[in-house]
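A short worksheet on the structure shown next.
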2 protein chains.
Amino acid sequence: MRTERGRRGAMAAERKVTITAIAREAGVSVPTVSRVVNGRSDVAPETRAKVEELLRQYGYRRRTHAPGDRAALLDLVFNDLDSPWAVEIIRGVEEVAHSSGIGTVVSAIHDRAGAARQWMTNLRARASDGVILVTSVLEPLLHNELHRLGVPIVVVDPAGAPALSAPTVGATNWAGGLAATEHLIQLGHRRIGFIAGPPRLLCSRARLDGYRAALESAGLPLDEELEVPGDFYHESGFHGCRQLMRLTDPPTAVFAASDQMAMGAIEALRQRGLRVPQDISVVGFDDLPEMRWSAPPLTTVRQPLAEMGKVAARTVLRQARGEEIDSPRVELATELVVRASTAAPAR
Amino acid sequence: MRTERGRRGAMAAERKVTITAIAREAGVSVPTVSRVVNGRSDVAPETRAKVEELLRQYGYRRRTHAPGDRAALLDLVFNDLDSPWAVEIIRGVEEVAHSSGIGTVVSAIHDRAGAARQWMTNLRARASDGVILVTSVLEPLLHNELHRLGVPIVVVDPAGAPALSAPTVGATNWAGGLAATEHLIQLGHRRIGFIAGPPRLLCSRARLDGYRAALESAGLPLDEELEVPGDFYHESGFHGCRQLMRLTDPPTAVFAASDQMAMGAIEALRQRGLRVPQDISVVGFDDLPEMRWSAPPLTTVRQPLAEMGKVAARTVLRQARGEEIDSPRVELATELVVRASTAAPAR
DNA sequence: CTGAAAGCGCTTACAG
DNA sequence: CTGAAAGCGCTTACAG
């Protein structure tokens, strides 16, 4: 095996392995090799065997695509692949794409211009049929290039002002923020802390506004002290919560704009010797699968991540086919999932 | 925008949009359009603008690849995309592939023959340069087809008997099982429960054997009662742990063969009013990122998942280039990460 | 079952 | 900056 692989490598280097080269070597015509490569049935078993053997030895790879069977591909682009978040979206996109015979190319561009450039070049080479950008703030330059290429784009969880005229698929972040806060109010909480997401993201703003709206419509005062910054990651939830608990009049409930921050908040509370939910309630946002099993199971706002991926995939595929799209701006419903991290306030 | 898209669709349907058609429409030669499509600089601005506009309107997509710039693609295949596990591997593979200008196509075949077939067809159409199979038990039939196609394969976390002669990348599961158990023994535990993974998987066997080896070399008896079945998922850890605690002489420590099962075990203990680690110790396996933040932070055996992805990607890429591979069977080191879920036994 | 011929979509020198 | 010509890798009727 080792040697064979080595041999193949050497051969591949010597000359370009084309269907023509294989045909010559096998002593058959080019069309015959073509048939074998395409798995057609009308080839004599011995011929097929001989050609297949050669194909394998030389490490033959098709160099052009048959007209029509163009590589059916869809690009799914994340900034980072570092959250349990990502896999949910991948799952949704993959499911839809796969069943349409389309491959899902997953990339992470890490907000670095170089990586984005490189990705763009790759995209061009692989002639992707569509692009799904997740929370991505691709530079306008690349956006324009994409547009020029005529590749359909859809943006999932749009980060800021809608890029170009690309359709977007999001979640009802505002409604989710509202529902979470109303839930706490209903339980009897009057002072509710909020740990925010990165302010540059649209979804962060929406969740914050939902929180405020719930407070206001319940006739509760907005207290700036109760709104602390965060970045969606665990650590910032931990510190945000500590900041809230140091207040002279600390909240009896905390709404964190992400599950990971909620977990950080719970950790901070535990270190202070406070029990959740007996002493203080905590609500998260996302409903990552693990939250069902956290201790205590987390009350949170469910984002239909996989569903968002599916809708995005369907939308980009329809665009690729030149079909009309129903609506350029979709927001899928969030849903409050009440579990065990919330209760009526202590007193 | 809406109407333009509609128009493009209609046009695309009317005739095939090839470089030739665009050239005719634009009143330029075919090579000129080719240059525009390939972003060459030697085209007059007005010509370029006109051609680009047409390209966009007709929704032009390249139909064949330039010789040499074949779609550089690598297929990463999971059974399921339902664990936080997956994203770590994706991350490693993507990083290596991306930096080589290669796209990572992620698929899930759900152990269903139909999906695997479909994937195989897609793979063929997209002329993937290599395949990374994760814990995958692809039917021999498909394996052979892959082999015939001459596509390099590497298997990550091999499930069973090494498939064909494909190189494999795994982790030192046996050593990990040994280390986890030794850690508990060193703390003074004498009765240690084990919640196993699916017996058909090689890694499950290895972890179990490591557990047994540690017990034996410490002169501790093997007690079949202390080994309960599981499937790596949360629920089975919960039930497995309950089963262990119902024993007349229950263990003082539990080693779960996956982090998710460890979390399930902790939940079961909590429900019985037992504290971890004061009353009973728990060790997991995997070191999923969330485990740092679990309550208590989990002592576990770290599998270098992203690193395994990287090694797999490098290996498959080298094979694709016809290079020798260093070693057909690689096991990356696991590492015991001691956190707060383990302590000396109560008495 | 197989090959000679025609054709397709695209690119690469080359000449102007 | 542009096009006529040659070429490439592959496939599809068509004839035997």
Side-chain angles (χ1 to χ4, degrees), chain A residues 11-12 14-55 58-73 121 124-129 149-150, chain B residues 11-55 58-73 121 123-129 149-150:
Chain A
M11 285 182 154
E14 276 166 31
R15 60 171 90 143
K16 281 190 298 181
V17 4
T18 64
I19 222 179
T20 315
I22 299 289
R24 185 172 37 227
E25 196 78 4
V28 299
S29 74
V30 166
T32 298
V33 178
S34 171
R35 284 188 269 257
V36 172
V37 167
N38 291 290
R40 297 245 198 288
S41 56
D42 54 350
V43 181
E46 320 87 75
T47 314
R48 150 167 285 126
K50 180 169 40 167
V51 172
E52 267 174 0
E53 176 58 17
L54 254 10
L55 251 17
Y58 283 70
Y60 170 78
R61 320 299 326 285
R62 204 206 237 115
R63 263 152 209 282
T64 76
H65 284 282
D69 87 352
R70 288 204 327 84
L73 251 28
T121 308
R124 177 190 269 283
R126 73 175 79 105
S128 192
D129 298 285
L149 244 47
Chain B
M11 285 182 153
E14 275 166 32
R15 61 172 91 144
K16 280 190 297 181
V17 5
T18 65
I19 223 179
T20 315
I22 300 289
R24 184 173 36 226
E25 195 79 6
V28 300
S29 73
V30 166
T32 299
V33 177
S34 170
R35 283 187 270 259
V36 172
V37 167
N38 291 290
R40 298 244 196 288
S41 56
D42 54 349
V43 180
E46 321 86 72
T47 314
R48 150 167 284 125
K50 182 169 37 164
V51 172
E52 268 174 359
E53 175 58 17
L54 254 10
L55 250 18
Y58 283 70
Y60 171 78
R61 321 298 327 284
R62 204 206 239 114
R63 263 153 208 281
T64 77
H65 283 281
D69 88 352
R70 288 204 326 84
L73 250 29
T121 308
L123 179 91
R124 176 190 270 281
R126 73 175 81 103
S128 192
D129 297 284
L149 244 47

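Every chain is numbered from 1 and lettered A, B, ... according to where its sequence line falls, protein lines coming before strand lines.
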**Study point:** Residues that T20(A) engages under side-chain hydrogen bond (donor to acceptor under 3.5 Å, both in side chains), provided they are two or more places apart
**Key:** none

Revision key, fill the gap. Closest to the side chain of T47(A), out of dG9(D), dC1(C), dT11(C), is dC1(C)

Point to revise | Heavy-atom pair with the smallest gap, counting every atom of D42(B) and R35(B) | key: OD1-CD, 3.7 Å

Point to revise | Y58(A) OH - dG9(D) P separation (whole Å) | key: 16 Å

Practice item. List in chain and number order the residues that pass side chain to side chain contact (heavy atoms under 4.5 Å, CB included) with A44(B), two or more places apart in sequence or in another chain; answer none if no residue qualifies. Key: E46(B), T47(B)

Review point. Are L73(A) and L73(B) close enough that some pair of their side-chain heavy atoms sits under 4.5 Å apart?
Key: yes

Review point. Taking side chain as C-beta onward, heavy atoms only, is I22(B) less than 4.5 Å from E25(B)?
Key: no

Collect all protein-nucleotide pairs involving nucleotides 3-7 of chain D in which both atoms are nitrogen or oxygen and the distance is under 3.5 Å.
from	atom 1	to	atom 2	distance (Å)
dG3(D)	OP2	S29(B)	N	3.1
dG3(D)	OP2	S29(B)	OG	3.1
dG3(D)	OP2	T32(B)	OG1	2.7
dG3(D)	N7	R35(B)	NH2	2.7
dG3(D)	O6	R35(B)	NH1	3.4

Review point. Rounded to whole angstrom units, what separation is found between the CZ atom of R24(A) and the P atom of dC10(D)?
Key: 12 Å

Check your understanding: For DNA chain D, what are the stems built from at least three Watson-Crick or G-U pairs in a row, each pair having both distances below 3.5 Å?
Key -> C:1-3 with D:14-16, C:5-12 with D:5-12, C:14-16 with D:1-3

**Study point:** Heavy-atom side-chain contact between V33(B) and L54(B) under 4.5 Å
**Key:** no

Revision key, fill the gap. Here the distance between atom C1' of dC1(C) and atom CG of D42(A), to the nearest Å, is 7 Å

